[in-house]
J.: 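Pasting a structure below so you can have a look.
Excluded from the calculations below are hydrogen atoms, water molecules and symmetry mates; all remaining heavy atoms, backbone and side chain alike, are included. Lettering follows sequence order; numbering is per chain, from 1.
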Amino acid sequence: MLLDDVADASARVAATRSRLAKRAVLVDVLRRAAADGPDDVAIVSRYLGGELRQRRTGLGWRSLTGMPLPADAPSLTVGEVDAAFAHMAGLSGSGSSTARLEAARALFAAATEREQHLLRGLVSGELRQGALDALLLDAVAEAAGVPADVVRRAAMLAGETEAVAVAALGASSPSAARTALDAFTLTVGRPVRPMLAQSAPDVPTAVAQLAGTGDAPAVPVVVDTKLDGIRIQVHRDGDEVRVYTRSLDDVTARVPEIVAAVRALPAHTLVLDGEALALDAEGRPRPFQETASRSATRDADLAASATLTPFFFDVLHVDGHDLLDAPLRERLAVLDRVAAPHVVQRVVTSDPAVAAGHFRSVVAAGQEGVVVKAADAPYEAGRRGAAWVKVKPRHTLDLVVLAVERGSGRRAGTLSNIHLGARDPAGGFVMLGKTFKGMTDEMLAWQTRRFRELEVADDGWTVTLRPEQVVEIAFDGLQRSTRYPGGLALRFARVLRYRDDKSAAEADTIDTVRALVAPT
DNA sequence: TTCCGACAGTGGGGTCGCAAT
DNA sequence: ATTGCGACCCCACTATCGGAA
């Protein structure tokens, strides 16, 4: 199949907002790829889902500036394109950047304008066609003539879409496709997509939001402690242990202490879901930045400077028994039996006051919050279902908008991303970060007008403002920063509302912000 | 007919490793 | 030694479509 066929399909997908129409386009091109064989299905399904097959190519958005002019006529096959990226991904060592850029230039020179557009989207990870993995799975289902939930479940258990698309579209009939898809089962050593949580502002709301608890009053819910670390999925088969991140990256080699901890558990085969984080001598959590540093490094000396401790909150398999479809309360009974020293603290209660009390006590202990879970829910791999709802404390500040950046994509033409400053009692403002979150379209339109009134300079990307507009900001906490002059940055800042009832002179001060930093 | 679940998009700060400067 | 880039940890929130109710 030609890359041009994929580029054409992507453009047509982007051109409509109807998901059904997008799906129809995807179905058509998937069927044509299937006629060209499984290799083309593998590549085309990846590209339609917005990804390259190579996880890391060494190319990014920046590298793609200054590519050659497009070719007049299409000639590239998807197989040639995949081979070109595989070559680039394999380059390493001195001179590799130059060689990689050369290879990219050769590829782009052979690509037409719409093919170049597709390639840029794939390399940058921003295809912006309004369809990614989920819609692609629907299209695979329709193209293969099987129910969408069968394809979805296969993809969740496979931890990826490509192999599922190849299996479904390589089958000679819908019933053969179904058989091929049913062969994707939980396999020890192959990661599944992790179950995700919705969020709620407080514990009572979270309980009310919970699905699967029925409408009877006083149904017990599970209230798990939410730890501020990195998500881990650990597979054990005898002495063989593998550790995967939330995006299913294999990080086994970086976390020997987790491997050792799981090897010591009383089970032969295991699949566990949990969180790993750095603790201090008293067992209190260290700041997330330390956990991130420890888990990202491959340097042995750096790794020795801190230890990650695993805590598990779910078990998907133990000694030949799959537990995905078992209710949470049964999975937890098994978890407590096989992972006792490394289980997340929880309470199970039907009393909202007890649930709220647990939230307060874990936050006081320095933890991130809680996850409220329906006790009868299965493990829904890959879903952000209403069976798990997280609750974290929220802080707010009244800050001043110092500048604003132009938006892109659907925010093109608006002033979007605002720079946030706290008042300095000595004069001026101290920038603490930026945010684009929490804005409605109406707010975007309003602020685009408002900030033009306050404009003092415009470099074509960032508009500098007179510091007059006050905005109420919610955030999760403060972190150390080398980027900002106050040495502090807001974590997960989002706009709650603009405050026209306050002047900049009444905004919160940097001293107030510093007082929020927990003593270490 | 209205409601709501799921999805895609729009970016945020920080960390590391690596190659180029 | 420093800098810039790419990759990947953590992530909140809104708009939209289309099936469910």
Side-chain angles (χ1 to χ4, degrees), chain A residues 14 16-23 50 55-63 89 91-101 123-138 148 152 196-199 201 211 228-232 245-249 251 254 275-277 287-299 302-303 368 382-386 390 392 394 405 407-412 414 416-420 432-444 474-484 488-496:
Chain A
T16 174
R17 293 210 304 203
S18 162
R19 290 204 277 262
L20 294 175
K22 289 176 191 285
R23 189 177 74 188
R55 183 148 183 163
R56 46 207 317 167
T57 58
L59 285 179
W61 185 86
R62 191 71 194 220
S63 306
L91 293 169
S92 68
S94 181
S96 60
S97 298
T98 312
R100 187 154 37 227
L101 269 183
V123 168
S124 69
E126 295 181 346
L127 194 52
R128 291 174 169 164
Q129 62 179 13
L132 291 171
D133 191 61
L135 198 48
L136 180 65
L137 285 173
D138 279 352
R152 180 186 297 271
L196 306 173
Q198 298 184 350
S199 56
D228 192 10
I230 62 161
R231 186 84 177 260
I232 51 169
T245 64
R246 183 188 140 144
S247 61
L248 310 187
D249 206 15
V251 292
R254 285 184 248 164
E275 193 91 359
L277 73 169
F288 175 75
Q289 284 164 307
E290 290 183 29
T291 291
S293 168
R294 170 61 189 82
S295 59
T297 189
R298 294 160 198 276
D299 182 282
L302 227 173
E368 192 180 20
R383 302 287 301 281
R384 192 180 292 281
K390 61 183 164 185
K392 299 190 279 185
R394 192 189 74 171
E405 297 173 18
S408 64
R410 75 177 297 279
R411 290 193 179 187
T414 69
S416 172
N417 192 12
I418 58 176
H419 296 197
L420 305 168
L432 292 171
K434 311 178 191 179
T435 187
F436 57 90
K437 294 171 181 164
M439 295 158 184
T440 62
D441 285 1
E442 192 181 4
M443 288 168 77
L444 278 166
F475 61 102
D476 276 21
L478 291 155
Q479 51 193 345
R480 277 199 345 269
S481 174
T482 54
R483 174 180 315 222
Y484 293 114
L488 285 176
L490 303 176
R491 193 170 179 205
F492 310 142
R494 58 269 191 191
V495 171
L496 292 180

J.: What is the distance, rounded to the nearest whole Å, between atom NZ of A:Lys437 and atom P of B:dT10?
T.: 15 Å
J.: Does A:Ser96 make a side-chain N or O approach to OP1 or OP2 of B:dC18 shorter than 4.0 Å?
T.: no
J.: Within the structure shown, what part of the strands sits under 4.0 Å from A:Ser481 by heavy-atom distance: base, sugar-phosphate, or nothing?
T.: sugar-phosphate
J.: Taking 4.0 Å as the cut-off, does a side-chain nitrogen or oxygen of A:Ser293 come that near to OP1 or OP2 on B:dC16?
T.: yes
J.: By nearest heavy atom, map A:Gln129 and A:Thr297 onto DNA chain B; which one lands nearer the 5' end?
T.: A:Gln129
J.: Please tell me which of A:Lys434 and A:Gly95 maps to the more 5' nucleotide of DNA chain B, matching each residue to the nucleotide holding its nearest heavy atom.
T.: A:Lys434
J.: Can you check whether A:Ser247 has a side-chain N or O nearer than 4.0 Å to OP1 or OP2 of C:dC10?
T.: no
J.: Rounding to an integer number of Å, can you tell me how far A:Phe436 CZ sits from B:dA8 C1'?
T.: 13 Å
J.: According to side chain to side chain contact (heavy atoms under 4.5 Å, CB included), who are the partners of A:Ser481, at least two apart in sequence or on a separate chain?
T.: A:Arg483, A:Tyr484, A:Ala489
J.: Measure from CZ on A:Arg494 to C1' on B:dG11 and round the result to the nearest Å.
T.: 15 Å
J.: Over how many whole Å does the gap from A:Asp249 atom CG to B:dG17 atom C1' extend?
T.: 14 Å
J.: I need the CD-P distance between A:Gln479 and B:dG13, as an integer number of Å.
T.: 9 Å
